[in-house]
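Here's the structure we're looking at; comments come further down.
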Amino acid sequence: MPYPPELKELIKKVEATRPERVEKKRKGIEVEGLSLEGREDRLKKYHPDYKEDSRREIRVGVSKGYAISPEIVEILEARSRVTPEKINVDKVDHETDVLVIGGGGAGASAALMAAGAGAKVLIATKLRLGDANTMMAEGGIQAASKVETDSPYWHYLDVMGGGHFTNEPELVKTLVNEAPKVLAWLEGMGAMFTKDSDGILRTMHGGGTSRKRMHYAGDITGAEIMRTLRDEVKNHPEKIDVLEFSPAVELLLDDEGKAAGAVLLNLDTEEYVVVKAKAIVMATGGSGRLHIRGFMTTNHYGATGDGLIMAYHAGVPLVFLHSVQYHPTGIVFPEQAEGILITEKFRGAGAHVVNVEGNQFVYEREPRDVEAASIIRECSTDVGMGVPTPNNKVGAWLDSPMLDIVHGPGYVKKEFPGKYILFKRYDIDISKEPMLIYPTLHYQNGGVEYKSDGSTVLEGLFAGGEVTGGVHGENRLMGNSLLDVTVYGRIAGISATEYALGRKDPKGLNLDHVVKYHTELGELGIKTERNAPVILPDYTNPDVKNRQVVVAP
Ligand code: MEZ
């Protein structure tokens, strides 16, 4: 649906302020960023994480007493999807050295490194290989590759600052030091990052970066990285098996309490499948499809936080889940595209965020949480300067057309082909008309606790990527998730292989930890009708549900 006449009328206000804003941008005059105190104040008043009802204490398990999003607590306090007595764990369907749970960027990276280090690898993935948040990331991957202007030192400081200095320093150190190596690894496998005509990789800023270190492939960087990793996995069928449409639903432990496999669910036949493994890499990604606080999401369809549940049932603590990332710029109109990511790269290139009067109200490259809180504030009734949409929402304008004036005609179409094509479907030319945006649920800042070698407190279990927590502290900066999945996916794959190749055949596979978890739920008097992991979101309209033929469990 193109912009209706009332929005076209409001766009005139953006056009009216544009020449002066562009002129200032050309002279390097920017709207002032918030001070540290100003940022804190903005977050406290407007960021969804700071709302009174945004957190609830977990009542069961190893992180009991830790307050996080109620939507996640609810599934942590649910019963397992499996009835342990009904699973015959002695009938092993697959046996492998390293089982990788998840077929996104972290899982594929782990599998490649594990196979390269001599392990027999099995990837079990919920949907197809590559159906993951990695695919959805658009604007870039950070790496201090330009030694004349940048170094891992500056990258480290930016990551820590973005995360409010709450990040685990050791995890950050590894992330930034490995970054240039990982970029070269991806390029070596054929990833096509955008380059200048002289072959030098192009870099730009992201929110909260002090140096231009965002490498990108147009506005489909994640898709390009995932394409590369997926192709490489498929190039090695002799070492890496892939089970698609086979989400893991519980870990299996051995008679010494070490991780020793997993129960999968075959989504086609709805049968359980038992996998025995000497080491496991948890790489299940994020949880946007839990729609925390009712927000729309940028996440892929399978992002339901399953790895958090499985690891937690087996005794791995959860950290940093009290902080949730809302990407500042999700589509709020056209309605059909609501929640879809509009990459931060637009703001990295200098696009202004403006209100209904066409006025800039925030520096466009504040760290994500501050930028999102500022947009929420502007659209709130406190300020009342949001743009009303035909679908009864409110948003702000992201002034993409100014980029064609600042950088030259054709810039938007060339640098943002993904978004250009998407909006064209609705008869909106984003090189001529701005986009209507509002924050959208984007990233799980926290997750399972892990160390910089990818290990967790559960022997035999390793983890990498969005399922983990600590490296980004309380707020991740743009471009550090594609980096995280590749750096820590690789590390988890290597560590898992070292462990697996030195381990004896696991004996006495069991689901005793699940039985214990159920017992604890019962003893605590926690009543629940839910089962977890969630696996897939349920979008069935309640009216339709009432009319459905119910199959009794
Ligand atoms: O790191 C991200 O979340 C990312 C690259 C998103 C974006 O704005 O493009």
Side-chain angles (χ1 to χ4, degrees), residues 104-106 132-143 155 158-159 162-163 175-176 179 182-183 186 191 193-194 202-209 212-226 285-288 295-300 303 323-331 339-351 353 364-372 375 398 400 403 412 415-420 422 430 435 437-445 447 465-466 468 471-473 475-489:
N133 282 347
T134 296
M135 197 66 140
M136 316 297 280
E138 297 178 356
I141 176 168
Q142 289 203 43
H155 191 177
D158 288 345
V159 177
L175 182 83
V176 300
V182 158
L183 197 73
L186 290 169
F193 295 109
T194 303
R202 277 210 197 148
T203 47
M204 60 197 300
H205 274 300
T209 61
K212 289 185 177 177
R213 74 172 74 86
M214 197 71 57
H215 299 75
Y216 55 91
D219 62 349
I220 50 167
T221 314
E224 175 57 9
I225 289 177
M226 195 66 244
S287 57
F295 271 76
M296 297 297 288
T297 185
T298 60
N299 282 196
H300 86 111
S323 131
V324 177
Q325 180 160 93
Y326 299 86
H327 194 290
T329 57
I331 297 177
I340 290 180
L341 178 66
I342 297 177
T343 176
E344 188 169 320
K345 188 182 162 199
F346 278 99
R347 285 176 291 121
V353 182
E364 67 268 18
R365 285 201 302 270
E366 292 285 6
R368 276 196 178 156
D369 50 0
V370 178
E371 189 82 21
I375 294 169
L398 180 61
S400 43
L403 296 181
V412 169
E415 288 289 319
F416 302 95
K419 281 288 110 52
Y420 183 82
L422 180 89
I430 61 168
M435 292 174 277
I437 54 94
Y438 193 78
T440 175
L441 179 56
H442 184 55
Y443 191 77
Q444 180 183 280
N445 284 326
E466 193 173 350
T468 63
V471 67
H472 308 296
N475 176 53
R476 180 179 64 79
L477 294 184
M478 172 194 182
N480 283 335
S481 71
L482 288 176
L483 182 61
D484 181 3
V485 297
T486 38
V487 166
Y488 280 108

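Remember, it's 1-based here, ligands and their atoms both numbered in the order they're listed. Predicted model, so just to flag it, every value in this text is computed and none were measured.
- Aromatic ring orientation, Tyr438 versus Phe295: parallel (interplanar angle below 30°, classes split at 30° and 60°).
- Taking a cut-off of under 4.0 Å to the non-hydrogen atoms of Gly140, the atoms of ligand 1 that pass are 5 (C).
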For side chain to side chain donor-acceptor pair (under 3.5 Å), just list the numbers for Asn480 and His472, CA-CA rounded to whole Å, side-chain angles, deciding distance to a tenth of an Å, and then say yes or no.
-> CA-CA 8 Å; Asn480 283 335; His472 308 296; 5.1 Å; no
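- Counting the atoms of ligand 1 from 1 in the order shown, those under 4.0 Å from a heavy atom of Glu138 are 9 (O).
- Heavy-atom contacts of Glu344 reach the following atoms of ligand 1: 7 (C), 8 (O), 9 (O) (cutoff under 4.0 Å).
- The ligand atoms of ligand 1 that sit less than 4.0 angstrom from a heavy atom of Ser481 are 1 (O).
- At least one heavy atom of Arg368 sits less than 4.0 Å from an atom of ligand 1.
- On a distance-only criterion, Leu482 and ligand 1 share no N/O pair closer than 3.5 Å.
- At a cut-off of 3.5 Å, with distance as the only test, a side-chain donor of Thr298 or His442 sits close to an acceptor on the other residue.
- Ligand 1 is approached by Met478 to a heavy-atom distance shorter than 4.0 Å.
- Formation of a donor-acceptor pair under 3.5 Å by the Thr134 side chain with backbone atoms of Gly105 is found in this model.
- Between Phe346 and Phe416, the ring planes lie parallel to each other; the angle is under 30°, not in the 30° to 60° tilted range.
- Closest heavy-atom approach to atom 1 (O) of ligand 1 within the set Arg347, Arg476, Gln142, Met214: this belongs to Arg476.
- Among the atoms of His327, some N or O lies under 3.5 angstrom from an N or O of ligand 1.
- Ser400 places a side-chain N or O within 3.5 Å of a backbone atom of Ile430 that can act as its donor or acceptor partner.
- With no hydrogens or angles considered, no side-chain donor-acceptor pair links Asp369 and Gln325 at under 3.5 Å.
- Near Gly139, the atoms of ligand 1 lying under 4.0 angstrom from a non-hydrogen atom of the residue are 5 (C), 7 (C), 9 (O).
- With hydrogens and angles disregarded, no donor-acceptor distance shorter than 3.5 Å links the side chain of Gln142 to the backbone of Gly479.
- Atoms of ligand 1 found under 4.0 Å from any heavy atom of His442, numbered from 1 in the order shown, are 2 (C), 3 (O), 6 (C).
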